[in-house]
Amino acid sequence: MLPSADQQEILRRRTFAIISHPDAGKTTLTEKLLLYGGAIHVAGAVKSNKIRKTATSDWMEIEKQRGISVATSVMGFDYRRGSGPGHSQQDDTVYHINILDTPGHQDFAEDTFRTLTAVDSAIVVIDSAKGVETQTRRLMEVCRMRKTPVMVFMNKMDREGKDPFDLMDEAERELGIHCTPVTWANGQGLKFESVFALNNRPSELTPKLQEELEMIDGVYDAFDREAYLRGDLAPVFFGSAYKTIGVQELLDFFVENAPSPRPVQAEERAVEPMEDKFTAFCFKIHANMDPNHRSCIAFFKICSGKFLRNTYYYHVRKDQQMRFAAPTCFMAQKKETVDEAFAGDIVGLPDTGNFKIGDTLTSGEKLHFKGLPSFSPEMFKYIENADPMRQKQLDKGVAQLMDEGVAQLFVSQLNGRKIIGTVGQLQFEVIQYRLEHEYQAKCRWQPLQMYKACWIQVTDKEGEIELDTFKKRKAQYMATDKEGRDVFMADSAYVLNMAQQDYKHITFHFTSEF
Ligand code: G4P
């Protein structure tokens, strides 16, 4: 076990992700949280609207251009309860909050899903005018699967929107959660101009408000922290990120009740955060985060113990000791070199090609963390060099972006042409843009009619014989993935069906992790 001062460090950590549909208000809410934490200093709706344009959490140029977050970034800040503007309630704990930003666009679902493996809880933001949308539902499925505790922020209540009871009904139905409202609106003047905590109701109640509160008491279970931590109960908050209504109530409740770092299940055993042995896994790799330094950063979530700068750790996959002179943590928009970090924190390690997503670092133990999902690509295109003078740069760019997990690369065994597989159109645009801006390389896309990439596997002798025939017969459809594995590129559902029927000893997998 760690010494108690280190345990206190871990107990005060809150590492979470905000998940939502694009435009629900994730960026606006993130900024307001940073504002309360004193991590940024621009107050007021108008100005914050301005910084939104170069959003603090959006590192990459393309995100600014398109106004969407395409890469997950990390923001850390310290916060003491009630220390936000205009409030006096005090609590001596200084919480350390790590927000993992997630790309909201559905094309980047894979990146978002991976981020969810690195958080201890989540806040779901719902646009109260639009209700629950598909993207949010899919993300919530991952949270349910992982039993991630969630809180819900019903945003944009300053606008004409759905009735709050209807919203909670919808959330329960669509997201498979049990709601318990924690704040409610005073209902005076502007719709939801102000919000109060339900355990601290105003003494003067309008008849309508009285009726609503009675209904809440009658219908919803009271907040029960244990049920929330099990993922069985979701506290719900109403407010407006833009007008900063209900945000402090959310933040105060969050730091007090959200879990500190939770145990993480490795393949070998469960890892407890308070163990004195250090363990961490890589959930993201980001190339060229800083245009002035052409480096990659591997993001590691610390699962247990304490990380120290310039100390040797064991890189399990490479079976090699490594130490890091310039590890970074992320304080709001700044990257800072850190001497130590604790379970719950995310450290960025400068990487020159040593890391892959899913890699584990430990104090010496051979551990493997599981649960990093990989996706079945749905769209395929040939990538071609559009600038013959820059072939090397193109190759390097493609290789690095694939290591980041932006998309998947296949090389045709027939003619050596490179095929990129993605889950959506936007990924092609991002790749093209980043190749141009980060590697000064130009690419062209050629259409390719393709249904699914299938990783093929055999387990017995008969299978091996079958595989031989299969590869000869299907030579023109065979490709190789980044790891050198055989992939069958089925061009239609029919072809795949036939192959599955004809080759009973071969198993066809649709993700690279099987
Ligand atoms: P996202 O990160 O989830 O994609 O959403 P983001 O915060 O960028 O917000 C999307 C839009 O919704 C923005 O407007 C933002 O100002 C607005 N918004 C966020 N929270 C609230 C709220 O509580 N009330 C109201 N009325 N609007 C809110 P935009 O038109 O896209 O940009 P801008 O004109 O504000 O710059």
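This is a predicted model, so every value here is computed, not measured. Quick note: numbers below take in every heavy atom, side chains included, and nothing from hydrogens, waters or symmetry partners. Just so you know, ligand 1 is whichever comes first in the structure, and atom 1 is the first atom listed for that ligand.
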Carefully, step by step, assess Asp351 and Phe324 under the rule side chain to side chain contact (heavy atoms under 4.5 Å, CB included). CA-CA 10 Å; Asp351 179 31; Phe324 307 92; over 6 Å; no
Under 3.5 Å between some N or O of ligand 1 and some N or O of Ala241? yes
So if I count the atoms of ligand 1 from 1 in the order they appear, which ones are less than 4.0 Å from some heavy atom of Pro22? 4 (O)
So that I know where these two stand, are Phe300 and Phe355 an aromatic pair - ring centroids less than 6.0 Å apart? yes
Residue part near ligand 1, for Lys26, under 4.0 Å between non-hydrogen atoms: both
Does Met157 reach ligand 1 with a nitrogen or oxygen that is under 3.5 Å from one of the ligand's nitrogen or oxygen atoms? no
Side chains of Asp252 and Tyr36, donor plus acceptor under 3.5 Å: no
Determine the interplanar angle of the Phe281 and Phe369 rings, folded into 0 to 90°, and report it as parallel if under 30°, tilted if 30 to 60°, perpendicular if over 60°. tilted
Using a 4.0 Å cutoff against the non-hydrogen atoms of His21, which atoms of ligand 1 qualify? 3 (O)
Under 6.0 Å from the ring centre and within 45 degrees of the ring axis: does the NZ or CZ of Lys381 meet both conditions for the six-membered ring of Phe428? yes
The atoms of ligand 1 lying under 4.0 Å from a heavy atom of Asp23, numbered in the order shown, are 1 (P), 3 (O), 4 (O), 5 (O), 10 (C), 12 (O)
Is it the case that ligand 1 has an N or O less than 3.5 angstrom from some N or O of Ser240? yes
State if Glu31 counts as touching ligand 1 under the rule of any non-hydrogen atom under 4.0 Å. no
Against heavy atoms of Thr28, which atoms of ligand 1 measure under 4.0 Å? 6 (P), 7 (O), 9 (O), 15 (C), 19 (C)
Looking at Asp158, which atoms of ligand 1 are within less than 4.0 Å of one of its heavy atoms? 22 (C), 23 (O), 24 (N), 25 (C), 26 (N)
Please confirm whether Trp184 and Phe165 have ring centers closer than 6.0 angstrom. yes
Go through ligand 1 atom by atom and flag the ones less than 4.0 Å from a non-hydrogen atom of Arg159. 25 (C), 26 (N), 27 (N)
Using only atom types and a distance under 3.5 Å, with no angle test, would you say the side chain of Asn257 pairs donor to acceptor with the backbone of Phe253? yes
Could you check if a side-chain atom of Ile99 sits within less than 4.5 angstrom of a side-chain atom of Phe16, using non-hydrogen atoms only? yes
